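Here the structure is a predicted model, which means the values were calculated and not measured. One is the number of the first residue; the rest follow in order along the sequence.
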Amino acid sequence: MNEVISLINDTLWSYLLIGALVVCGLWFTWKTRGIQFRMTGEMFRVLTESAASKSKRAGDHGPVISSFQAYAVSVATRVGTGNLAGVATAITIGGPGAVFWMWMIALLGSATAFVESTLGQLFKQRHQDSFIGGPAYYIQKGLHCQWMAYLFAILITITFGLSYNSIQSNTICRAMQEAFGWSPIVVGIVLSAMALTIVFGGIHRIARVSSVLVPLMAIGYFILTVVIIAMNIQLMPHILKLIVTSAFGIDQSVGGAIGATIMNGVKRGLFSNEAGEGSAPNVAATATVSHPVKQGFIQALGVFTDTLLVCSCTAFVILISGLYNTPEMNGIALTQAAMDSEVGSFGPYFIAVAIFLFAFSSIIGNYYYGEANIRFMTSSRWALTIYRVLSGGVVVMFGALASLEIVWNLGDLFMALLTICNLIAIIALGKYAFWLLNDYWKQKKSGIKDPIFHKHQLPQIANDLECWDA
């Protein structure tokens with residue numbers, strides 16, 4: 001079974017998905033005139049503004065989830081096992097060059113993330129305890145394609161709420177067993193109990209927990225890795241050369257064939273930053289902002305935070321250690337061993353705690369993506385309750401006991417199917433994101449400090465927009 005899934009994955013990724021991601025990234029970069037490069041300052045300004053203020057914005061009504069809280073939830077799902085275990089797996093299979101392709105897919109993917117999250121905001125709907133939205137909503141309202149909207153809702157619920165949560169749980173249990181010798185069964189039970197406690201609290205509890213955990217874990221991990229890099233700064237020119245030469249097959253003694261290098265770099269990069277996958281728009285839609293583009297900016301910035309910052313730190317530490325060619329090491333075990341070689345016995349313990357915070361925040365964030373789409377498909381409270389038990393309990397325990405290979409292969413398969421579905425939608429609807437970006441910039445140039453959008457500005461789809469009343 002595992003071999004069949006692996007074969008399907010290789011076919012999808014080799015011949016279809018990599019090309020689609022690159023083409024979409026280039027198209028959105030061109031149409032937005034390189035938004036990820038020319039508007040980085042505005043991204044930081046909007047993020048810091050939202051972190052400092054939780055007041056309601058004009059044009060919306062309902063309980064407030066701030067832009068920063070929505071950003072924290074999306075980063076919580078991005079910054080997880082992909083940054084620690086996923087990077088290690090990519091380097092083990094594809095060589096150091098996989099890191100280069102992770103960077104490339106992040107640079108292009110940032111523009112894709114802007115488009116999909118702006119669309120998520122544009123087509124969001126009011127809900128009893130927050131705004132709600134995502135690709136299923138913009139497919140239904142923007143494309144008027146009910147079957148495709150339901151297909152996406154089913155795929156993302158399986159991918160994030162079930163498949164990805166088994167990966168997060170598997171990595172936590174392996175890290176705890178490696179560092180402390182704790183039984184995966186015991187860790188799985190504790191993890192399930194904690195996850196269930198939070199997911200039954202809904203998006204507000206998830207947002208509050210994420211807004212605390214995400215900055216705490218990211219800053220602590222970043223500081224330690226920067227110290228390690230600084231202590232080995234003389235090796236960095238060699239490390240960077242190694243990454244580039246391996247990426248283009250110039251030095252294949254340190255990795256697999258160039259195809260494996262590219263494929264694993266893109267796969268692990270997408271798993272980590274999620275750009276184009278259709279996940280971030282679900283939480284982007286919950287934020288209360290005055291203009292859809294604002295949340296598009298913030299989610300685009302999240303891609304940089306994840307891949308160019310956190311993933312790069314992990315990659316540098318692994319390559320500095322020189323352990324990436326050790327056959328018996330893979331995943332989180334390799335990251336822990338690399339830390340051990342650089343900071344002593346403290347390293348594996350730190351990574352175990354870090355991966356717990358990283359992956360646990362991902363579990364509760366992943367759960368919400370499924371919840372938003374369960375609510376799209378049905379209003380049944382029983383369906384939501386069953387999903388909560390499956391996502392926070394059953395699947396977490398499955399991941400604790402399953403093998404590393406099966407959970408990652410299942411994750412790759414559903415990630416491919418989900419991404420294809422979302423890319424089709426955002427290519428068709430991208431024109432609205434481009435128009436909104438131009439509108440936002442025109443207002444800024446005219447002296448309006450805080451641009452505002454009303455749905456009458458887009459009369460052709462005004463009837464399809466539930467929010468954004470004048």
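- Put simply, the side chain of Glu116 gets close to the backbone of Gly276: a donor and an acceptor are under 3.5 Å apart.
- No side-chain donor from either of Thr157 and Asn373 sits under 3.5 Å from a side-chain acceptor of the other.
- Within the 3.5 Å criterion, the main-chain N or O of Gln443 finds a donor-acceptor partner in the side chain of Ser446.
- Enclosure of atom NZ in Lys241 is not indicated, since only 12 or fewer non-hydrogen atoms of other residues, nucleotides or ligands lie within 6.0 angstrom.
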Inset, instruction - Tell me, with the steps shown, if Glu371 and Arg388 meet salt bridge (Lys or Arg N to Asp or Glu O under 4.0 Å). - result: CA-CA 8 Å; Glu371 177 184 308; Arg388 284 171 170 169; 3.5 Å; yes
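- Thr286 places a side-chain N or O within donor-acceptor distance of the main-chain N or O of Val283, the cut-off being under 3.5 Å.
- No donor-acceptor pair closer than 3.5 Å links the side chain of Ser117 to the backbone N or O of Phe114.
- Gln36 places no side-chain N or O within 3.5 Å of a backbone atom of Ala300 that could act as its donor or acceptor partner.
- Distance alone, capped at 3.5 Å, places no donor-acceptor pair between the Gln295 side chain and the Ala285 backbone.
- A distance-only check finds no donor-acceptor pair linking the side chain of Ser321 to the backbone of Ala338 [under 3.5 Å].
- Here the side chain of Trp468 pairs no donor or acceptor atom with the backbone of Lys124 at under 3.5 angstrom.
- With contacts defined as side-chain heavy-atom distances shorter than 4.5 Å, the pair Leu224/Met339 qualifies.
- Two residues are said to be in side-chain contact when any heavy atoms from C-beta on lie closer than 4.5 Å; Leu21 and Leu423 meet this criterion.
- Here the side chains of Leu235 and Phe316 are not in contact, with every heavy-atom distance at 4.5 Å or above.
- The closest side-chain heavy-atom distance from Leu437 to Arg33 is not below 4.5 Å.
- Under the 4.5 Å side-chain criterion, counting only non-hydrogen atoms from C-beta, Ile243 is in contact with Trp103.
- Ser246 places a side-chain N or O within donor-acceptor distance of the main-chain N or O of Gly97, the cut-off being under 3.5 Å.
- One side chain, Glu42 or Tyr440, offers a donor N or O that lies under 3.5 Å from an acceptor on the other.
- Checked against the 6.0 Å centroid criterion, the rings of Phe376 and Tyr137 qualify as a close aromatic pair.
- Not one N or O on the side chain of Thr118 forms a donor-acceptor pair closer than 3.5 Å with the backbone of Val293.
- Contact annotation: the side chain of His456 never approaches that of Leu465 to less than 4.5 Å [non-hydrogen atoms, C-beta and beyond].
- Side-chain contact of Tyr138 with Asp464: a donor-acceptor pair under 3.5 Å is absent, judged by distance alone.
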